[in-house]
Amino acid sequence: MPELPEVETSLRGIAPHLVGRRIARLEVRDHRLRWPIPADTAERLAGQTIAALRRRGKYLLFDLEQGVLLLHLGMSGSLRVLPATTMPGPHDHVDLCLEDEQCLRFRDPRRFGMLQWTPSPAEAHPLLRDLGPEPLGPAFSGDYLHQRSRGRRAPIKTFIMDSHVVVGVGNIYANESLHLARIHPNRAAGRISRERLDRLAGAIRSVLADAIAQGGTSLRDFVQEDGKPGYFAQSLRVYGRTEQPCPSCGGPIRQCRIGQRSSFYCAVCQH
DNA sequence: CCGGACGCCTGTCGGC
DNA sequence: TGCCGACAGGCGTCCG
């Protein structure tokens, strides 16, 4: 579910409640996530002060006095800040309880998420080590995409959704960015000109920045830390809009499958 | 190395 | 109304 804008929205929402606070305890009601929560995680965290919160791709990083807590929301994860006494729901698997009796509650119905302590620097963790650049950072550009994509026959949509190429671009924002850049999602990545990849890099940055500004996209279960939805859904140009008119030309939005993921595009605008 | 398929889970929705 | 398959915002792994 959550792509970069939703993770960034979660980060901004929870940070004011967490940074500078001390962790009282970690309550794990279900450890069976994508990677099981290691048994010693709670004792690693207890008593530590949260120095800072960061994001790397779709991972949230909690900088502690000793080491870093990594959190990934998977497909269906969301975070809330609540009084620790609030009754947990069926999929509220973990509470990070603070000394002020507020807690960060992690809900994840599909259990594709991840929660793990790792020694510093977190960037050396196997799951973070080989990640591509941040799309909103200085290393990401049309030039970079051009250099990485030469000789690649995979569809451009699959290519930009590969976190080893660039982080944070999931199925919604890949579709949206390609429409904005007027590039067909099925075009071979290695056969797109430098000029058009400049346009794509700009489109990715612009779509992600807009989505962050609107608090992300809520399709079903994503909520911000205060329980409110994100409002980018009303800005979607193609995602989930099969047979509806293209916002640029009025032609029908087409749907197909690329790499086992639903893909949406305008056959008139995108080539 | 690359590209495509699969599996991990639960919930929801549409069709019959 | 009920059941059943398809599908859902991610991503590591495996295989050819």
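Here is how names work: the chains are called A, B, and so on, in the same order as the sequence lines, proteins then strands, and each is numbered from 1.
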Test of understanding: with ring pair (Phe, Tyr, Trp, His ring centres under 6.0 Å), list the residues that count as partners of [X], not counting sequence neighbours.
X: A/H184; value: A/Y265
X: A/F232; value: A/Y173
X: A/F140; value: none

Listing request: all ring pair (Phe, Tyr, Trp, His ring centres under 6.0 Å) pairs with a residue in [range], at least two apart in sequence or in separate chains.
range: residues 20-47 of chain A; answer: none
range: residues 47-83 of chain A; answer: A/Y59-A/H72
range: residues 188-211 of chain A; answer: none

By side-chain hydrogen bond (donor to acceptor under 3.5 Å, both in side chains), which residues pair with [X], not counting sequence neighbours?
X: A/H146; result: none
X: A/T242; result: A/Q255
X: A/H93; result: none

Dot-bracket pairing map - DNA chain C, Watson-Crick plus G-U, both contacts under 3.5 Å, | cross-strand: .|||||||.|||||||

C/dG9 phosphate, OP1 or OP2, under 4.0 Å from A/Y239 side-chain N/O: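 For A/Y239, the contact criterion (side-chain N or O under 4.0 Å from OP1 or OP2 of C/dG9) is met.
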
Give every pair of a protein N or O atom and an N or O atom of nucleotides 12-16 of chain B that lie under 3.5 Å apart, one pair per line with the distance.
none

Letter per nucleotide, 5' to 3', of nucleotides 1-10 of chain B [B base touched, S only sugar-phosphate touched, - untouched; heavy atoms, 4.0 Å]: -SSSBBBBBB

